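Read through the structure below, which is laid out as structure tokens, and then see the notes.
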Amino acid sequence: MMLRAGAVLTAFIVAQPVFAQDGESKIDAADTGFMIAATALVLMMTLPGLALFYSGMVRKKNVLATMAQSLIATAVVSLLWIGIGYSLAFSGDGAYIGDASRALLSGIGIDTVSPLAKTIPEILFMIYQMTFAVITCALVGGSVAERMRFSAFMLFCVLWLFIVYAPSAHWVWGGGFLQKMGLLDFAGGTVVHINAGIAGLVCALVLGNRVGFGRENLSPFDVSLAVIGTGLLWVGWFGFNGGSALAANSRAVFAIVATHLAACAGALVWSGLEWLQRGKPSVLGVVSGAVAGLGTITPASGYILPWHGIVIGLIAGGVCYWFCTVVKYRLRYDDTLDVFGVHGVGGIMGTLLAGVFATRAITASGSDPGVAGLLEGDPHQLLVQAIGVGVTLVWCVVGTLAALKIVSLVTTLRVNADDEREGLDIALHGEALHQ
């Protein structure tokens, strides 16, 4: 009896596909090390990068509450991603959504690799993609800073992750219909930036403008925090775009170079336009232009030449500046930290420009001849990019409205006017920046 029990237990242990033999491993040490560093850089973009960037642009009474949005988005989304989010986005072969085969990381062993990233451990691919989901949800918070209830934002992150983000990630990167159609989105023009920007705009419109918007002084408390946050975002973006090559290779380096050049060009154009129109270039304008360049280059970064990055950054700096300083005030919508004007508009432009500047010399690999954009004679790719933008935009609007409606049935979306005037640090968290 004991021998039979021992045999059954031995058979069960041997049958588990968790610890493959070293000789069977497909994992590359260099790629793995590079992706561990990239994962850390992207997480740094949210904590502390985005937390500092956003909190430096709100009023003193809302600094802690704004930081809290980035913190809670990280905690909530990380746990949900491991629970089922990763599986829905990156497992299965469905056209519209994944399956539950990787729920709670089921089936992922020490040497398991994903067919989507064949030279790094799947557990590393999972957590790298988790950092993208985290920052996308956190970005949305910038549009409703200074007026959305903390509990409402938490619940919104839960719902929006499953309604909008996970399906979009599957469509574009997880084998879904947009990927099969040939959409080019290297690091998140649709999945991250369009989704965050459009969701932010919808949330801002549903919640309404802040008390005093357009009438009172709503100037930032400490732009120096925003500068520090921008620096962390800028460096972190090397992991965001470079890491999206999923390997330590030349494409990763080309993406990093294009990313840096786009940020530089965006910063110069935005501050230059301010200088011309207002007589002085603001520090906030420099950092806003840099982030506009970074967001706009994201979808194209791994498909283009370095000089293309400069052109895209120049376009981003001008167009995003116009949306944030002219369109926003003409239409009188209160997107607190310009998530739509920078990320939404930048994501749309960048995704379309990927179809213009895509270069075979960069996109080709092995027997794959690569993808050509409009400049290399393929207008069809630009059409595919436009379809991807349209699908993402429509789904994000519908999904965001649905998430907000559900949240409103559970709790109040917005703080009352008295709490808003007092400040969310005290009203929602019982704390003040300086006690």
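Computed from a predicted model, the values in this text were never measured in an experiment.
Checked against side-chain hydrogen bond (donor to acceptor under 3.5 Å, both in side chains), T190 has the following partners two or more places apart in sequence or in another chain: D185. Under the rule for a side chain to side chain contact (heavy atoms under 4.5 Å, CB included), the partners of L401 that lie at least two apart in sequence or sit in another chain are V202, V206, V397. Remark: E274 pairs with R278 by the salt bridge (charged side-chain N to carboxylate O under 4.0 Å, His left out) rule, at least two apart or across chains. With sequence neighbours excluded, the residues forming a salt bridge (charged side-chain N to carboxylate O under 4.0 Å, His left out) with R59 are E146, listed by chain and number. Legend: residues meeting salt bridge (charged side-chain N to carboxylate O under 4.0 Å, His left out) with D338, ordered by chain and number and at least two apart, are K328. With sequence neighbours excluded, no residue forms a salt bridge (charged side-chain N to carboxylate O under 4.0 Å, His left out) with K61.
Checked by atom type and distance alone, the side chain of T296 never pairs as donor or acceptor with a backbone atom of G293 at under 3.5 Å. When atom types are taken as modelled, the side chain of T411 and the backbone of V407 share no donor-acceptor pair closer than 3.5 angstrom. A donor-acceptor contact shorter than 3.5 Å links the side chain of R251 to the backbone of T363. Judged by distance alone, the side chain of S78 and the main-chain N or O of A75 form no donor-acceptor pair under 3.5 Å. S365 places no side-chain N or O within 3.5 Å of a backbone atom of D368 that could act as its donor or acceptor partner. No donor-acceptor pair closer than 3.5 Å links the side chain of D378 to the backbone N or O of G373. Using modelled atom types, one side-chain atom of D425 and one backbone atom of A65 make a donor-acceptor pair closer than 3.5 Å. Proximity of a side-chain donor or acceptor of N62 to a complementary backbone N or O of L424 within less than 3.5 Å is detected. Looking only at distances, a side-chain donor or acceptor of Q179 sits under 3.5 Å from a matching main-chain atom of G175.
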**Prompt:** Between Y54 and V339, is a side-chain contact (heavy atoms from CB on, under 4.5 Å) present by the stated rule, with each step listed?
**Reply:** CA-CA 10 Å; Y54 274 180; V339 181; 3.4 Å; yes
**Request:** Check the pair F53, V287 against side-chain contact (heavy atoms from CB on, under 4.5 Å), reporting the backbone distance first and the verdict last.
**Result:** CA-CA 9 Å; F53 180 64; V287 300; 4.3 Å; yes
**Request:** Determine, stepwise, if the pair F240 / V192 fulfils side-chain contact (heavy atoms from CB on, under 4.5 Å).
**Result:** CA-CA 11 Å; F240 197 87; V192 177; 4.0 Å; yes
**Item:** side-chain contact (heavy atoms from CB on, under 4.5 Å) between W160 and C396, intermediate numbers included
**Value:** CA-CA 9 Å; W160 194 81; C396 187; 4.3 Å; yes
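Between G92 and D99, the shortest heavy-atom distance links the atoms CA-OD2, 3.2 Å. Pairing each heavy atom of N241 with each of A255, the nearest pair is O-CB, 3.9 Å. The shortest heavy-atom contact between M148 and L428 is O-CD1, 3.9 Å. The two atoms that bring G142 and T336 nearest to each other are O-CB, 3.3 Å, heavy atoms only. Contact record, W173 with A187: CZ2-C, 3.5 Å, taken as the closest heavy-atom pair. Considering all non-hydrogen atoms of both residues, F132 and S244 come closest at CZ-OG, 3.7 Å.
Looking only at side-chain heavy atoms (C-beta outward), L404 and F156 come within less than 4.5 Å of each other. No side-chain heavy atom of I84 sits under 4.5 Å from any side-chain heavy atom of L80. Considering only heavy atoms from C-beta on, V63 comes within 4.5 Å of V58 through its side chain. Side-chain contact between Y165 and W81 is present, with at least one heavy-atom pair separated by less than 4.5 Å. At a threshold of 4.5 Å between non-hydrogen side-chain atoms, the residues C157 and I72 do not count as touching. By the 4.5 Å heavy-atom criterion applied to side chains, F150 and H429 are counted as neighbours. Between S408 and K405, some side-chain heavy-atom pair lies under the 4.5 Å cut-off. You'll find the side chain of M126 reaches within 4.5 Å of the side chain of I82, heavy atoms only.
None of W171, F177, W395 except one satisfies the ring-ring contact (aromatic ring centres under 6.0 Å, His included) rule with Y96; the exception is F177. Considering L353, V269, I310 as possible partners of I315, the one that fulfils the side chain to side chain contact (heavy atoms under 4.5 Å, CB included) test is L353. Partner of E122 under the side chain to side chain contact (heavy atoms under 4.5 Å, CB included) criterion, chosen from D111, I108, I110: I108.
Counting heavy atoms of neighbouring residues, nucleotides and ligands inside a 6.0 Å radius, atom CZ of F254 does not exceed 12 of them. Counted within 6.0 Å of CG on L232, heavy atoms from surrounding residues, nucleotides or ligands total more than 12; the atom is thus considered enclosed.
For the 3.5 Å distance criterion, the side chains of Y321 and Q277 qualify, holding a donor opposite an acceptor. Between the side chains of S91 and S87, at least one donor N or O sits under 3.5 Å from an acceptor N or O. If you check the side chains of W234 and H260, you find a donor sitting under 3.5 Å from an acceptor.
A distance of 6.0 Å separates OG1 in T259 from CD1 in I297, rounded to the nearest 0.5 Å. To the nearest 0.5 Å, atom CD1 of residue I120 and atom CE of residue M35 are 4.5 Å apart. A distance of 11.0 Å separates CG of L352 from CD of Q381, quoted to the nearest 0.5 Å. Between the OG1 atom in T119 and the CG atom in D28 there is a gap of 5.5 Å [rounded to 0.5 Å]. One finds the CG atom of L64 at 12.0 Å from the CD atom of Q69 (value rounded to the nearest 0.5 Å). For the atom pair CG (L52) and OG1 (T230), the distance works out to 9.5 Å, reported to the nearest 0.5 Å.
In summary, R414 and E420 engage in a salt bridge, as defined by a charged side-chain N under 4.0 Å from a carboxylate O.
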